[in-house]
Amino acid sequence: MDQDISDIIKARFQKLDKLNDKGINPYGQKYDRTHGASEIIEDFEDLENKNVSIAGRVMAKRVHGKAGFAHLQDMSGQIQIYGRVDDLGDQYQLFNDLDIGDIIGVNGDVFKTRKGEVTVACKEITMLCKSLKPLPEKWHGLKDVELRYRHRYVDLIVNPEVKDVFIMRSKIISTMREYLNDRGFLEVETPTMHSIPGGANAKPFITHHNALDIDLYLRIALELHLKRLLVGGFDKVYEIGRIFRNEGISTKHNPEFTMLELYQAYADYEVIMELVEDMVSHIAEKVLGTTKISYQGSEIDLSPPWQRLTMLDAIEKYLGIDLKAAESPGDLKEIAEKFGIETDEPISRGKLINDVFENEVEARLIQPTFITDYPIEISPLAKRKENDPDFTYRFEAFVGAFELANAFSELNDPQDQRGRFEQQAKLREAGDEEAHAMDEDFLLALEYGMPPAGGLGIGIDRLIMILTDNASIRDVILFPTMRQRDDQ
RNA sequence: GAGCCAUUAGCUCAGGUGGUAGAGCACCGGACUUUUAAUCCGGGUGUCGGAGGUUCGAAUCCUCCAUGGCUCACCA
């Protein structure tokens, strides 16, 4: 395929031919390993002079004539191997011809070199895969972020800390599952293709089913199906799944991302608040061994209880402005102008309060904070506060200055829900593409009766960013969305 | 979507004001039986992101395009 194969690759093809000529399969078969690399280093006392079999990728090579060293990397880490003509005989040539990047199996005895490094002295080398491409340089590694994301496999081979992030990611998610399962939550799977995209305000991706000849939308949230399950009688359900939003890409947004949503019947948002602070600190403790973390230079303490503020109190606390009394159109206009917020006419008070909060307060919420009592206009699925109908029993959790969780007491009054949907429909007609769509089947479900419930959504990728101290969501997603390139 | 920046060898990078491309690692050949950024000797392997333009001459200046990064907008 390559028009001008570089000399490096030419040389590797020559070695490939050489192996074939000798009757050695360059792409070997099953290989039985007895140990992992780091296991041998850890258990050296027991394994000294014992025979072991290991397999991995050659990462470095130092040959001095009739003997030489190399480092082999497997999932657990790296270990040095030693080969010499006295032990390997005819096979020494094979050792000598190894390229960095080749995958081999090694059988040999464990010993420690003069310099004290645990090493396997090769008795037999088995070729498992000849590598044809040169790996990036050994001490600068691969830095070009574009190549790191596009060819993540290379990034994983040469940058061990990248592998650690994704091992951590796996542990965080499995710990979360364990936590929820232990508390009686049932994990379920709901459709990713929806005929009506709902549960959030976001632009969906559209796809098409040929046999049914209908357009379908990739889900933008898990919410509405999980609530249907509350109607069906599952009291505690959750789903950890991929959702898709057709929006811009940034260090905090990937078009597809992973969300946890859970619903607990007969609970409310206060119960969920306790669950969030308990679960997040539990995960940190279990995975990191501490609830005191460092995120982008800030020390953050995840141990409960987290600060709780209503949105209006937070605005007052951080900006010194009391918006509670601001109700007249004149007051609202003044506030919008003061903060340089663009508004539609007539100005929606709730939306304005939220805009002030997002623009001015959010960035200051480094320590874990629950912001409660969201305006009703921006919360079409949350239960209205009994004594303050302009606000809802809703909270978002902020850590490290960005939104980590969103939760509320779920609206279970079908008539109120219909009214909210109708309100959203008006916004949609007015051109708001992200306004929530009318979902008659969901309303029907509510008419059958849904128990009062607390519901929660957590952006898993963001949680992982915080726990692994990564500033970009692309560094916690193995294969982030990239633009297609012509040359690839 | 807008602004700023970047793109040079397989990788990491250097290439004041325009003069025909370099280093380290990797790689190739040679020496070397406990090295570890192995060492020593020899070798530069390139569509300077792409296409135009200015110029006697462009990696360098200009325009457009592509890709990426950051910031902003968007996205609760």
Side-chain angles (χ1 to χ4, degrees), chain A residues 2-12 14-15 59-71 78-88 92 95-96 99-101 111-117 119 121 131-151 154-155 158-159 200-203 220-221 245-255 257 311 342 350-351 354-355 357-359 362 371 374-375 377-382 394-396 398 402-406 408 433-434 436 457 459 471-472 474 480 482-488:
Chain A
D2 295 11
Q3 286 167 336
D4 53 334
I5 300 174
S6 80
D7 286 356
I8 294 178
I9 292 166
K10 255 183 222 162
R12 297 212 171 186
Q14 280 165 12
K15 284 183 180 171
M59 297 303 290
K61 200 181 131 201
R62 299 171 294 279
V63 170
H64 334 87
K66 296 191 175 61
F69 293 87
H71 271 94
Q78 290 196 2
I79 190 167
Q80 181 167 261
I81 60 171
Y82 174 60
R84 56 175 187 168
V85 74
D86 301 355
D87 297 332
L88 285 167
Y92 185 72
F95 179 86
N96 212 18
D99 282 313
I100 288 170
F111 77 108
K112 208 173 240 185
T113 63
R114 273 182 215 153
K115 297 277 172 68
E117 180 160 354
T119 303
S131 169
L132 298 173
K133 286 279 195 184
L135 285 175
E137 203 220 331
K138 61 185 167 194
W139 68 80
H140 289 104
L142 181 64
K143 287 190 171 162
D144 184 325
V145 287
E146 185 173 354
L147 295 182
R148 287 188 44 227
Y149 299 148
R150 286 189 193 278
H151 307 297
V154 180
D155 190 29
V158 301
N159 296 325
N201 295 352
K203 275 176 248 167
I220 56 174
R245 295 187 181 176
N246 207 338
E247 292 156 359
I249 294 177
S250 79
T251 48
K252 292 188 172 61
H253 300 83
N254 196 62
F257 59 103
M311 185 178 279
E342 287 179 30
K351 203 163 181 319
N354 185 60
D355 284 348
F357 171 77
E358 283 187 3
N359 292 349
E362 233 183 78
I371 298 296
Y374 275 64
E377 294 94 321
I378 56 158
S379 312
L381 298 163
R394 173 180 174 184
F395 73 83
E396 288 192 359
F398 292 86
F402 62 86
E403 178 198 337
L404 180 68
N406 178 23
F408 31 90
E433 285 182 80
E434 284 152 13
H436 203 288
S472 172
R474 294 180 205 104
M482 301 287 276
R483 202 184 293 267
Q484 178 107 24
R485 285 180 62 139
D486 299 343
D487 56 342
Q488 293 181 357

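Letters A, B, ... are given to chains in the order of the sequence lines, protein chains preceding strands, and every chain is numbered from 1.
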Subject >> Length of the CG-P vector between A/L147 and B/U67, whole Å >> reply: 15 Å
Original post:
Distance between the C1' atoms of B/A58 and B/G18, in whole angstroms?
Top reply: 6 Å
Original post:
What is the pairing partner of B/U63, taking Watson-Crick or G-U wobble pairs with both distances under 3.5 Å in any strand?
Top reply: B/A51
Subject >> ring-ring contact (aromatic ring centres under 6.0 Å, His included) partners for A/Y374, two or more places apart >> reply: none
**OP:** Identify, with sequence neighbours excluded, every residue that meets side chain to side chain contact (heavy atoms under 4.5 Å, CB included) alongside A/V63.
**Re:** A/K61, A/Y92, A/F95, A/N96
Original post:
Which nucleotide, in any strand shown, forms a Watson-Crick or G-U wobble pair with B/A2, with both distances under 3.5 Å?
Top reply: B/U71
**OP:** Using the test side-chain hydrogen bond (donor to acceptor under 3.5 Å, both in side chains), find all partners of A/N359 that sit at least two apart in sequence or belong to another chain.
**Re:** none
Subject >> Nearest non-hydrogen partners of A/I371 and A/M311, listed with the distance >> reply: CG2-CA, 3.7 Å
Original post:
Taking the C1' atom of each, how far is B/G57 from B/A21, in whole Å?
Top reply: 15 Å
Original post:
Can you name the nearest heavy-atom pair linking A/R62 to A/A60, along with the distance?
Top reply: NH1-CB, 4.1 Å
Subject >> Inter-nucleotide P distance (B/G30, B/A14), Å rounded >> reply: 35 Å
Subject >> Rounded interatomic separation in angstrom, taking CE from A/M482 and P from B/A66 >> reply: 16 Å
Subject >> Under 3.5 Å on both distances, the Watson-Crick or G-U partner of B/G22 >> reply: B/C13
**OP:** Calculate the interatomic distance between A/L132 atom CG and B/G10 atom P; express it in whole Å.
**Re:** 16 Å
Subject >> Closest heavy-atom pair and its distance - A/G101, A/L135 >> reply: CA-CD1, 3.9 Å
Subject >> Sugar-phosphate, base or nothing in reach of A/R148, heavy atoms under 4.0 Å >> reply: nothing
Subject >> Contacts of A/E146 that satisfy salt bridge (Lys or Arg N to Asp or Glu O under 4.0 Å) - sequence neighbours left out >> reply: A/R150, A/R485
Subject >> Integer angstrom distance from the C1' of B/U63 to that of B/C27 >> reply: 39 Å
**OP:** For B/C4 and B/C25, measure between their C1' atoms and round to the nearest Å.
**Re:** 32 Å
Original post:
If pairing requires Watson-Crick or G-U wobble contacts with both distances under 3.5 Å, which nucleotide is the partner of B/G44?
Top reply: none
Subject >> Partner nucleotide of B/A58 by Watson-Crick or wobble geometry (both distances under 3.5 Å) >> reply: none
Original post:
For the pair made of CD1 in A/I249 and P in B/U67, what is the distance, rounded to whole Å?
Top reply: 12 Å
Original post:
With both distances under 3.5 angstrom, what nucleotide forms a Watson-Crick or G-U wobble pair with B/A76?
Top reply: none
Original post:
In whole angstroms, how far is the C1' atom of B/A9 from the NE2 atom of A/H140?
Top reply: 16 Å
Original post:
Just by protein heavy atoms under 4.0 Å, how would nucleotides 25-35 of chain B read 5' to 3' in B, S and -?
Top reply: BBSS---BBBB
Subject >> Heavy-atom pair of closest approach, residues A/N201 and A/P380 >> reply: OD1-CG, 4.4 Å
Original post:
When all nucleic acid strands are considered with a 4.0 Å heavy-atom cut-off, which category describes A/T251: base, sugar-phosphate, or nothing?
Top reply: sugar-phosphate
**OP:** Mark yes or no for whether A/R12, through its side chain, and A/S131, through its backbone, hold a donor-acceptor pair below 3.5 Å.
**Re:** yes
Original post:
Quick one: does A/Q78's side chain have a donor or acceptor within less than 3.5 Å of a partner on A/H71's backbone?
Top reply: no
Subject >> Between B/U12 (P) and A/K143 (NZ): distance, integer Å >> reply: 8 Å
Subject >> Residue A/E358, side-chain heavy atoms: nucleotide from B/A76, B/G69, B/C11 that is nearest >> reply: B/A76
List, with names and distances, any nitrogen or oxygen atoms from the protein found under 3.5 Å away from nitrogen or oxygen atoms belonging to nucleotides 21-23 of chain B.
none

Original post:
CG of A/N159 versus C1' of B/U12: gap in Å, rounded?
Top reply: 12 Å
Subject >> B/C32 - base-pair partner by Watson-Crick or wobble geometry, distances under 3.5 Å >> reply: none
Original post:
Considering only the C1' atoms, how many Å lie between B/U47 and B/C32, rounded to the nearest integer?
Top reply: 40 Å
Subject >> Whole-angstrom distance between B/A26 and B/A66, as gauged at atom P >> reply: 39 Å
Subject >> Student check: side-chain heavy atoms of A/H151 and A/K133 closer than 4.5 Å >> reply: no
**OP:** For B/U71 versus B/U36, give the span between their C1' atoms, rounded off to a whole number of Å.
**Re:** 43 Å
Original post:
Between A/Y82 and A/G68, which heavy-atom pair has the shortest distance, and what is it?
Top reply: CD1-O, 3.3 Å
Subject >> Value in whole Å for how far the P atom of B/G68 lies from CG of A/N254 >> reply: 12 Å
**OP:** With RNA chain B as reference, determine whether A/G141 or A/R483 sits nearer its 5' end, using the nearest nucleotide of each.
**Re:** A/G141
**OP:** Give one of base, sugar-phosphate or nothing for A/I378, where a contact means two heavy atoms less than 4.0 Å apart.
**Re:** base
